Amino acid sequence: MDTKYNPEVIEKKWQEYWETKKLFKVEIDTSKQKYYLLEMFPYPSGRIHMGHVRNYCIGDVVARFKMAKGFNVLHPMGWDAFGMPAENAAIKNKSHPAKWTINNINEMRRQLKRLGLSYDWDREIATCHPDYYKWEQWLFVRMLEKGLVYRKKSVVNYCRPCATVLANEQVEAGCCWRCGQPVIQREQDGWFFKITQYADELLEWCDHLKGWPERVLTMQRNWIGRSEGARIFFKIENSDESIEVFTTRPDTVFGATFMSLAPEHPLCLSISKGTSQESVVQEFVNRALTQDWQSRVGEGAEKEGVFVGAYCVNPLTGRRMPIYCANFVLFEYGTGAVMAVPAHDQRDFDFARKYGLDVIVVVNPPDQSLEPETMTEAYVENGFLVNSGEFDGMDNIAVKKSISEKLESMGMGGPTINYRLRDWGISRQRYWGAPIPIIHCPKCGPIPVPDKDLPVVLPTNIDFPESGRSPLPDLDWWVTTPCPKCGTSSRRETDTMDTFVESSWYFDRYTCPRYDKGLLDPEQDHYWSPVDQYIGGIEHAILHLLYSRFFTKALRDLGIKQAGEPFENLLTQGMVIKDGAKMSKSKGNVVDPEELIDRYGADTVRLFCLFAAPPERDLEWTAEGVDGAYRFLNRIWSLIFQYKNLKKVRNSNVETIQSRYIRRVTHRTIKKVTEDVGARFRFNTAIAAIMEMSNELGKVTSENIFSDDALCWAMKEALDSMILLMSPFVPHISEELWEAFGNKSGLTKREWPQYDPQLIIEEELIIVVQVNGKKRAEIRVALTASDDEIKQSAMAELNVQKFLEGRTIRKMVVVPGKLVNIVAG
RNA sequence: GCCUGAGUGGUGGAAUUGGUAGACACAAGGGACUUAAAAUCCCUUGGGGCAUGUCCCCGUGACGGUUCGAGUCCGUCCUCAGGCACCA
């Protein structure tokens, strides 16, 4: 054994050992309990960053711990390999996205391997590989057949700089999630996944995902946005048409005095046609549609509208209600039309005051009567109905149902449920993505590519245009193809799929990455699914996690997969911070993981990431902290070095006070680390416990240790256990020390140490004595001491007596093994 | 505005079921070793007090409450972070 800890040498040695022996390769083993552990796969951007390191170190601890606990652990890794940065880089370097991506994957794989992560690399997948996206295309066709995919013309979010359509989930505060530029609205044909069909189930199962953080579930619930209400039809005057609205306040129908339509609503233009308002409306609609989203409905945007020149009829009051086109009405939510009740909705109130429209109070607070003339804001609280015919005097909440039912019986609407969640538009006008397997026939329309012709391979021998525009529509040899149905010369779909599609099912494919008879091998799926523990950043709380849940349910209903939810347990890890801010190039506070590995070794980097904060919290990066982790490993090294000749020891029947103490420390630490890692994912406290143990062991004077059998044996047990406890966190140094300490056959197949509850018990207890809740003394009592004995010793303490002087004892509370509180007054 | 977290020493954090607040580490200060430095090791380290102790007082964002006992539970408020946001 070398006197000096040399991570560079030992890390290389053990990584090769694990790799050549294929120690992390797994297969189905029905004799063992399976454990599917997954970390979110990375986008191959070129180099790993500290966020990856943290994510994967956390996962590796869990994986190695579960292996040691006897589970059959599936721990795979792969690449989310399609996406825009590859295209941007290709344009910049006059290269090809595929080449750039593959180079990056090779580089990042090499970097990950230097961290010593316990992946089964035989299961590696890259989503840009035709063998992967073939099954995605196949699934697209199955979903199309099942009615879960459809094509529609829709107003979509469009990002000019990225030259692509964005899903609603990819728009953040009116701006593109990737480039941050304002998003505009544009009408376009595209393919949609019918995620709304699962809105209810996705929402309901939020209540059953006990292993998910509450805030992620809350975010998903809000995103789905279920609201109960009514749909109501308002007949348009002098027309056969009606306007349908959704409202959560059917109790206020009697107070509806006008109608607001979204500028996108087709009725705006059609109703105003031929009226004096035609040109005004046209101008207003044009302006609203070309305006960027932020300035139209963003914060502080002015509410504006124009009269469309026609009226509709309130089904309950018969009132003539002017129809307005209003910029704040969202076309995508509900029906794109809102019945306006100015007395009870602040937006309608503002609008009515601005344009001089009538206000009718229909809900009064319990203690007063509102007058439209004196109101300065809408009354949105609950109360009792007025001006509402037969419903007057009734409670507004109770009446919601009655009014909905009345409308239903009139054929003018009825109760309904509306969701904020909208279908997932997946068409992207990008090159570097999975082709949508559709052929557009001039005679038959869009026809799916037959299964035997899958995959539709993304052509790779192309020149990449500098404009950033997708080259696909210009590739005649690829685009032009006969219709699979009638043979007519047709065009392929040239849009590719949103890259979130690939990440919505990659965890399934890991169970059978090379299976070629279907998307999933039922046997593998049955054994491995679902993922027992998923680990990744909170930033995917809605997008990726909701899509994956949807895909899982769709796959289940297609009979491809068994489980109905993809991830049993979810751990969302915090960000890596430096100088108080997220690491980023623009801030210049980036730490390169590989430089750290060069300098300290992977074990130090791993240890720091795990020790400095619990996983779900942000981790503040400090150079001093890394030094501290490195120093600790050096201390452990020299501790083992000091005892390296303890190799052969006799088991001893004799016990000394010292050996007994060491064994107690050992078994207490085993218990603590096992619970912290296994049940709580608190790696920082587990490591702290190991540090405490090493501090205790360091205090043992080594002079007589080789002659004292009992001490010798206890020490060997302690050091062996300590190495085993360290091994999930810092596997390389643990393997090396294990070997140097005279133990055989690597650590990865070693069982996790067990603690003996008998050995943890103290002979003496330290009991805190309080007087009126304040600590006044500590007493040592025998383990067997009765409550009365404890009380007596407590009373005997001088300092306790001092505080009892002149008082009478009212009560004594004894907490077994911990504390006595003497209540005196 | 709504929802969800969080607020503890100079710093990161610990306190798992209401029971000794500050484990473990970092930083800082002092000491040992050394010709010297680095490395290493040892000691001190929440604030205050004096009578320097097995001492006392204060202290977990603020103010109340429940309790023998509150960092932990309840109420009101403040601050910060994240998510959603004209969602009818």
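Quantities reported herein were computed from a predicted structural model and do not represent experimental measurements.
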- Item | Nearest listed nucleotide, side chain of A:V823, among B:C68, B:C58, B:C87 | B:C68
- Query: Taking the same atom, P, in B:U76 and in B:C24, what whole-Å distance lies between them?
  - Reply: 39 Å
- Item | Partner of A:F608 under ring-ring contact (aromatic ring centres under 6.0 Å, His included), chosen from A:W621, A:Y630, A:F729 | A:W621
- Item | Nucleotide-resolved protein contact map, nucleotides 17-23 of chain B, B/S/- at heavy-atom distance under 4.0 Å | --BB--B
- Message: How many whole angstroms separate atom CD of A:E616 from atom C1' of B:G83?
- Response: 18 Å
- Please work out whether B:G46 sits syn or anti, treating a glycosidic angle within 90° of 0 as syn. anti
- Task: Answer yes if the ring centres of A:Y5 and A:F641 are under 6.0 angstrom apart, and no otherwise.
- Result: no
- In whole angstroms, how far is the C1' atom of B:A25 from the CD1 atom of A:I690? 14 Å
- Query: Once you round it to whole Å, what is the distance between C1' of B:C41 and CH2 of A:W637?
  - Reply: 21 Å
- Query: Are OP1 or OP2 of B:C87 and a side-chain N or O of A:R347 less than 4.0 angstrom apart?
  - Reply: yes
- Message: Can you identify which nucleotide, out of B:A88, B:C55, B:C3, has its nearest atom closest to the A:T218 side chain?
- Response: B:C3
- Mind checking who B:U66 pairs with, Watson-Crick or G-U wobble, both distances under 3.5 Å? none
- Would you kindly check if the NZ (Lys) or CZ (Arg) of A:R549 is within the cone defined by 45 degrees around the ring axis of A:W205 and under 6.0 Å from the six-membered ring centre? no
- Salt-bridged, A:R296 to A:E264, with N to O below 4.0 Å? yes
- Task: Answer yes or no: is there an ion pair linking A:R226 with A:E228, defined by an N-O contact shorter than 4.0 Å?
- Result: yes
- Item | Rounded distance in Å between the P positions of B:A21 and B:G61 | 16 Å
- Message: If you go through the side-chain atoms of A:K811, does one of them form a donor-acceptor pair with the base of B:C68 closer than 3.5 Å?
- Response: no
- Task: Give a yes/no on whether any side-chain N or O of A:R682 is located under 4.0 angstrom from OP1 or OP2 of B:A15.
- Result: yes
- Message: So that I can tick it off, tell me whether A:R221 and A:E214 are bridged by a salt bridge, with the cut-off set at under 4.0 angstrom between side-chain N and carboxylate O.
- Response: yes
- Message: Quick check on B:A85: is either OP1 or OP2 less than 4.0 Å from any side-chain nitrogen or oxygen of A:R420?
- Response: yes
- Considering just the side-chain nitrogens and oxygens of A:R631, establish if one lies under 4.0 Å of OP1 or OP2 belonging to B:C41. no
- Would you please confirm or rule out a distance under 4.0 Å between OP1 or OP2 of B:A15 and any side-chain N or O of A:R680? yes
- Whole-Å distance between B:C41 C1' and A:F632 CZ? 17 Å
- Query: In the strands shown, is B:A88 matched to any nucleotide by a Watson-Crick or G-U wobble pair with both distances under 3.5 Å, and which?
  - Reply: none
- Query: What nucleotide among B:C87, B:C86, B:C56 has an atom nearest to a side-chain atom of A:Y333?
  - Reply: B:C87
- Message: I need the CH2-C1' distance between A:W223 and B:U4, as an integer number of Å.
- Response: 16 Å
- Task: Could you tell me whether A:R664 and A:E762 have a side-chain N and a carboxylate O separated by less than 4.0 Å?
- Result: yes
- Partner of B:U44 under the Watson-Crick or G-U wobble criteria, both distances under 3.5 Å, comes out as B:A28
- Do the side chain of A:R249 and the base of B:A88 come within less than 3.5 angstrom through a donor-acceptor pair of N or O atoms? no
- Query: For B:A6, which nucleotide in any strand shown is its Watson-Crick or wobble partner with both distances under 3.5 Å?
  - Reply: B:U79
- Message: Under the criterion salt bridge (Lys or Arg N to Asp or Glu O under 4.0 Å), I'd like the reasoning laid out for A:R249 against A:D251: C-alpha separation, chi angles, the key distance, then a yes or no.
- Response: CA-CA 5 Å; A:R249 296 294 303 273; A:D251 52 316; 3.1 Å; yes
- Task: Would you indicate which nucleotide in B:C58, B:C56, B:C87 comes nearest to any side-chain atom of A:N799?
- Result: B:C56
- Query: Using the P atom in both, what is the distance from B:A23 to B:G10, to the nearest Å?
  - Reply: 14 Å
